[in-house]
Amino acid sequence: MDGDRGQEARTSLETLVAQRPEDSELLLWLGRAEEELEHDDAAELQFRECIRVSPTNFEGYLALARLYGRRSRSSDARAVLDEARARVP
């Protein structure tokens with residue numbers, strides 16, 4: 001995703017999340033957009049919010065674990081996957 005399109009996607013997703021703050025799929029997509037723009041701290045916050053809103057949504061855990069793995073935070077990634085194992089049926 002190029003910079004301008006990534007920013008546009010992020011802006012659109014932020015608008016949607018403001019309208020539907022409990023929508024875990026929108027939070028997940030906003031996190032992915034932030035990650036694509038290399039806004040890792042913002043991506044982490046969105047993935048965490050996705051998990052808070054929908055603790056049985058495995059995709060949120062997976063996205064957060066991948067982000068941690070990419071940032072060389074393997075113990076954090078492992079902890080997130082352990083948490084998913086305990087919460088996701």
Side-chain angles (χ1 to χ4, degrees):
M1 180 180 324
D2 71 27
D4 289 341
R5 290 184 59 171
Q7 288 287 13
E8 288 174 21
R10 178 177 165 238
T11 300
S12 295
L13 286 162
E14 286 175 330
T15 300
L16 290 169
V17 167
Q19 295 168 0
R20 297 176 11 208
E22 299 296 310
D23 188 323
S24 64
E25 289 299 315
L26 289 175
L27 292 163
L28 179 63
W29 281 103
L30 179 54
R32 288 175 175 161
E34 294 286 15
E35 187 175 16
E36 187 69 28
L37 292 167
E38 298 181 2
H39 300 161
D40 289 348
D41 291 340
E44 180 178 356
L45 289 174
Q46 296 306 322
F47 295 147
R48 283 263 170 224
E49 185 65 5
C50 173
I51 292 166
R52 184 196 68 76
V53 167
S54 183
T56 59
N57 181 345
F58 181 71
E59 291 298 318
Y61 295 98
L62 183 59
L64 183 57
R66 284 182 176 163
L67 175 68
Y68 286 155
R70 192 172 55 76
R71 294 171 81 184
S72 299
R73 293 173 57 183
S74 59
S75 62
D76 290 330
R78 191 173 11 261
V80 168
L81 293 175
D82 287 344
E83 182 182 349
R85 191 173 303 118
R87 290 183 161 187
V88 177

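All values below come from the heavy atoms of this structure, side chains included, with hydrogens, waters and symmetry mates left out.
Residue Val17 belongs to a hydrophobic cluster whose other members are Leu13, Leu16, Leu26, Leu27, Trp29, Leu30, Val53, with links defined by side-chain heavy atoms closer than 4.5 Å.
Leu37 and Gly6 make their closest contact through CD1-O, 3.7 Å (heavy atoms, listed as atom of the first residue, atom of the second, distance). In terms of heavy-atom proximity, Asp23 sits nearest to Glu25 at OD1-N, 3.0 Å. Taking each heavy atom of Gly60 and Phe47 in turn, the nearest pair found is O-CB, 4.2 Å.
Arg52 is linked by a side chain to side chain contact (heavy atoms under 4.5 Å, CB included) to Glu22, Glu49, counting only residues two or more places apart in sequence or in another chain. Under the side chain to side chain contact (heavy atoms under 4.5 Å, CB included) criterion, Pro21 pairs with no residue at all, not counting sequence neighbours. The salt bridge (charged side-chain N to carboxylate O under 4.0 Å, His left out) check on Arg70 picks up Glu35, Asp40, with sequence neighbours excluded. Ala42 pairs by the side chain to side chain contact (heavy atoms under 4.5 Å, CB included) definition with Glu34, His39, not counting sequence neighbours. The side chain to side chain donor-acceptor pair (under 3.5 Å) test applied to Arg71 returns Asp41, Glu44, not counting sequence neighbours.
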Let me see the working for Thr15 and Arg10 under side-chain contact (heavy atoms from CB on, under 4.5 Å), right down to the final yes or no.
CA-CA 9 Å; Thr15 300; Arg10 178 177 165 238; over 6 Å; no
Trace of the side-chain contact (heavy atoms from CB on, under 4.5 Å) decision for Leu64 with Ile51
CA-CA 9 Å; Leu64 183 57; Ile51 292 166; 3.9 Å; yes
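The shortest distance between side-chain heavy atoms of Leu67 and Arg32 does not fall below 4.5 Å.
A salt bridge between Glu83 and Arg87 is present, with a side-chain N of the basic residue lying under 4.0 Å from a carboxylate O of the acidic one.
Distance alone, capped at 3.5 Å, is enough to place a donor-acceptor pair between the Tyr61 side chain and the Pro55 backbone. Within the 3.5 Å criterion, the main-chain N or O of Cys50 finds no donor-acceptor partner in the side chain of Ser54.
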